[in-house]
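Reviewing the structure listed below.
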Amino acid sequence: MEYTREELLEAKRQIGSTVHKLKEVVKTFEAKENAERYKSQTTLAKRRIEDFSLANGLIGKELERS
């Protein structure tokens, strides 16, 4: 499937925003008094950060090609 440059730029912007919010979520969970209680949510958020970062990198490569 082909995407326009504008669509790719918007997707990259949205993913960047989501990653920023997820990093704040991780900080919040880790700062809680009983951080161990939130371990699964923290792990999930960290994995999502990694996945979204990978997607953002691939979008960046696609933008360089076009």
Side-chain angles (χ1 to χ4, degrees):
M1 182 171 221
E2 292 294 320
Y3 298 98
T4 67
R5 183 169 182 77
E6 290 75 26
E7 288 172 324
L8 291 171
L9 288 170
E10 178 61 17
K12 191 165 175 50
R13 188 183 71 77
Q14 290 294 333
I15 291 171
S17 173
T18 301
V19 167
H20 174 75
K21 290 175 186 174
L22 283 168
K23 286 179 179 179
E24 294 302 314
V25 166
V26 170
K27 285 181 193 176
T28 300
F29 283 146
E30 291 178 340
K32 293 218 179 253
E33 187 174 311
N34 190 0
E36 188 65 25
R37 180 177 177 198
Y38 302 97
K39 187 175 181 178
S40 62
Q41 290 94 332
T42 303
T43 301
L44 179 61
K46 287 179 177 179
R47 287 180 180 163
R48 286 180 175 166
I49 290 168
E50 290 176 22
D51 295 340
F52 280 127
S53 296
L54 184 140
N56 233 6
L58 292 173
I59 291 170
K61 286 184 179 183
E62 184 65 25
L63 284 167
E64 288 174 6
R65 288 184 359 170
S66 62

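Residue indices begin at 1 and follow the sequence shown.
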Apart from F29 itself, residues in the same hydrophobic cluster as defined by side-chain heavy atoms under 4.5 Å: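 For the cluster that includes F29, the remaining residues are V25, Y38.
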ILVMFWY clustering at 4.5 Å (side-chain atoms), partners of L58: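 Members alongside L58: L54.
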D51 side, atom CG; I15 side, atom CD1 - distance, nearest 0.5 Å: 10.5 Å
Closest approach of R5 to L63 (non-hydrogen atoms, all atoms of both residues): NH1-O, 3.2 Å
Shortest non-hydrogen contact from L8 toward I59: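 For L8 and I59, the tightest heavy-atom pair comes out as O-CG2, 3.5 Å.
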Pairs satisfying salt bridge (Lys or Arg N to Asp or Glu O under 4.0 Å), at least one member in residues 32-50, at least two apart: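 Pairs touching residues 32-50 that pass the test: E30-K46.
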Salt bridge (Lys or Arg N to Asp or Glu O under 4.0 Å) contacts in which one or both residues fall within residues 52-66, not counting sequence neighbours: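 Passing the test, one end in residues 52-66: E62-R65.
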Only distances under 3.5 Å count here; give the side-chain donor-acceptor pairs of residues 16-24 to other protein atoms, sequence neighbours excluded, each with its distance to 0.1 Å.
{"residue": "T18", "atom": "OG1", "partner": "Q14", "partner atom": "O", "Å": "3.0"}
{"residue": "E24", "atom": "OE2", "partner": "K27", "partner atom": "NZ", "Å": "3.4"}

For T4, side chain to side chain contact (heavy atoms under 4.5 Å, CB included) partners two or more places apart: E6, E7
